[in-house]
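Input: a single structure, listed below in structure tokens.
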Number of protein chains: 2
Amino acid sequence: MIEADLFRVLADPTRRAVFERLVGREMSVSELKAGFEISQPAVSQHLAALRAAGLVRERREGRFAYYSADPQALTPLVDWVDRYRTFWPERIERLKDVLKRMDR
Amino acid sequence: MIEADLFRVLADPTRRAVFERLVGREMSVSELKAGFEISQPAVSQHLAALRAAGLVRERREGRFAYYSADPQALTPLVDWVDRYRTFWPERIERLKDVLKRMDR
DNA sequence: GACTCGCATAAGCACGTGCTTATGTATCGC
DNA sequence: GCGATACATAAGCACGTGCTTATGCGAGTC
């Protein structure tokens, strides 16, 4: 998966929200659907797109399909941004902030 | 400009290529057009979209319009990714590599 | 087996998007 | 002023996208 498709898949706000809800917490489709005001097929379609981009994993268990986010799939996106993000001092300051927050 | 529009604007490959060409080097529209096999209006339309997202700046000089990229506009995108990119060890290793390359 | 349940897929539709050609609007050279 | 140049904007079109409802399909329940 190249960054081209990542940008496209993440461009839709609903799909991005679906991804965000799946970060750190595995959810079944119906549980996930509860958070949105769209139909179940719409949720499944977003999940299929996210899955094609490698952004979510699927785990089948009986009738249920459990999905979880794979943030590592964002790496190509980070790589692309890194190529064009100058202003490294600010960047490093930002990173320090994040690390500081993680220490707490 | 929020990350929503950044993703959408960067989702188009041609538009992303336009942005990439303008990083570090200011160019006029016609000079920019020379690198693509699309019409001049198409280039102008991409530039307008990039400008609305704050990704490029415009400088008028007589008949000419010079455009240049503003990579700092990518910050909201980086912020968004930072919220969901776990796997910090790898991330820091990557950053170290970049810094090492910058020292040379 | 018959009926749910959880989810995926199909088909259709409204709307967005990226391109084209045509045209408008300054600015320059003469 | 007049034509050419550089670019932007308008209008139209083909295609993509995200949604809906309808349907399919395997897994569970009885």
Side-chain angles (χ1 to χ4, degrees), chain A residues 1-22 25-70 73 77, chain B residues 1-22 25-70 73 77:
Chain A
M1 181 64 44
I2 49 181
E3 85 268 353
D5 305 280
L6 279 179
F7 277 114
R8 189 179 44 75
V9 167
L10 292 172
D12 182 69
T14 304
R15 194 153 47 223
R16 209 164 47 248
V18 167
F19 173 78
E20 296 181 23
R21 284 204 72 191
L22 293 175
R25 173 139 180 274
E26 191 183 60
M27 293 175 69
S28 71
V29 176
S30 46
E31 186 184 359
L32 184 59
K33 185 206 169 300
F36 298 94
E37 296 201 342
I38 55 177
S39 65
Q40 170 265 315
V43 174
S44 284
Q45 284 160 20
H46 283 307
L47 287 169
L50 289 166
R51 201 158 87 91
L55 286 164
V56 301
R57 301 184 223 86
E58 189 197 20
R59 184 174 65 83
R60 309 294 305 218
E61 190 171 334
R63 294 183 286 182
F64 297 85
Y66 295 100
Y67 284 88
S68 58
D70 182 6
L77 213 157
Chain B
M1 182 64 42
I2 48 181
E3 86 267 354
D5 305 281
L6 280 178
F7 276 115
R8 187 180 44 76
V9 167
L10 292 172
D12 182 69
T14 305
R15 194 153 48 224
R16 209 164 47 248
V18 168
F19 173 78
E20 295 181 23
R21 283 203 73 192
L22 292 175
R25 172 138 180 274
E26 190 185 60
M27 293 176 69
S28 71
V29 176
S30 47
E31 187 184 359
L32 184 59
K33 182 205 170 305
F36 298 95
E37 297 201 340
I38 55 177
S39 65
Q40 171 265 313
V43 175
S44 285
Q45 286 161 19
H46 283 308
L47 288 169
L50 289 166
R51 201 159 88 91
L55 286 164
V56 300
R57 300 183 222 87
E58 189 196 21
R59 182 175 65 84
R60 309 295 304 217
E61 190 171 332
R63 293 182 287 183
F64 297 85
Y66 295 99
Y67 285 87
S68 58
D70 183 6
L77 214 156

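Residue numbers begin at 1 in each chain, while the letters A, B, ... track the order of the sequences.
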Whole Å only: how far is the [atom1] atom of [X] from the [atom2] atom of [N]?
{"X": "A:E31", "N": "C:dG6", "atom1": "CD", "atom2": "C1'", "result": "13 Å"}
{"X": "A:L47", "N": "C:dA8", "atom1": "CG", "atom2": "C1'", "result": "11 Å"}
{"X": "A:R59", "N": "C:dC7", "atom1": "CZ", "atom2": "P", "result": "12 Å"}
{"X": "A:L50", "N": "C:dC7", "atom1": "CG", "atom2": "P", "result": "16 Å"}

Taking side chain to side chain donor-acceptor pair (under 3.5 Å) as the definition, give me every residue that meets it alongside [X], ordered by chain and number, with sequence neighbours left out.
{"X": "B:T14", "result": "none"}
{"X": "A:S39", "result": "none"}
{"X": "A:S30", "result": "A:S28"}

Just wondering, do A:R21 and A:F36 contact through their side chains at under 4.5 Å, heavy atoms? yes
Check whether any side-chain heavy atom of A:V43 sits under 4.5 Å from a side-chain heavy atom of A:H46, and report yes or no.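 Not in contact.
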[X] near the nucleic acid: base, sugar-phosphate alone, or nothing, with a heavy-atom cut-off under 4.0 Å?
{"X": "B:Y66", "result": "nothing"}
{"X": "B:F36", "result": "nothing"}
{"X": "B:E61", "result": "nothing"}

What residue among A:L10, A:L22, A:D70, A:V18 forms side-chain contact (heavy atoms from CB on, under 4.5 Å) with A:L55?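 The passing option is A:L10.
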Polar atom pairs between nucleotides 1-4 of chain C and protein, under 3.5 Å, N or O only, would you list them?
none

Between B:R57 and B:R59, does the side chain to side chain contact (heavy atoms under 4.5 Å, CB included) criterion hold? Intermediate values first, please. CA-CA 7 Å; B:R57 300 183 222 87; B:R59 182 175 65 84; over 6 Å; no
Contact interval (first through last nucleotide) of DNA chain D with protein chain B, 4.0 Å heavy-atom: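 So the outermost contacting nucleotides come out as D:dT5 to D:dA10.
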Kindly write out the residues that satisfy salt bridge (Lys or Arg N to Asp or Glu O under 4.0 Å) with [X], not counting sequence neighbours, or none if the list is empty.
{"X": "A:R51", "value": "A:E58"}
{"X": "A:E37", "value": "none"}
{"X": "B:R25", "value": "B:E31"}

For the student: nearest non-hydrogen atoms of A:A53 and A:V9, plus distance: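 Of all heavy-atom pairs spanning A:A53 and A:V9, the closest is CB-CG2, 3.9 Å.
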Which ones in residues 38-46 of chain B lie close to DNA chain D, meaning a heavy atom under 4.0 Å from one of its atoms?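 Under 4.0 Å from DNA chain D: B:Q40, B:P41, B:S44, B:Q45.
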Let me know, please, whether A:D12 or A:G62 comes out on the 5' side of the other along DNA chain D by nearest nucleotide.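 So the residue in question is A:D12.
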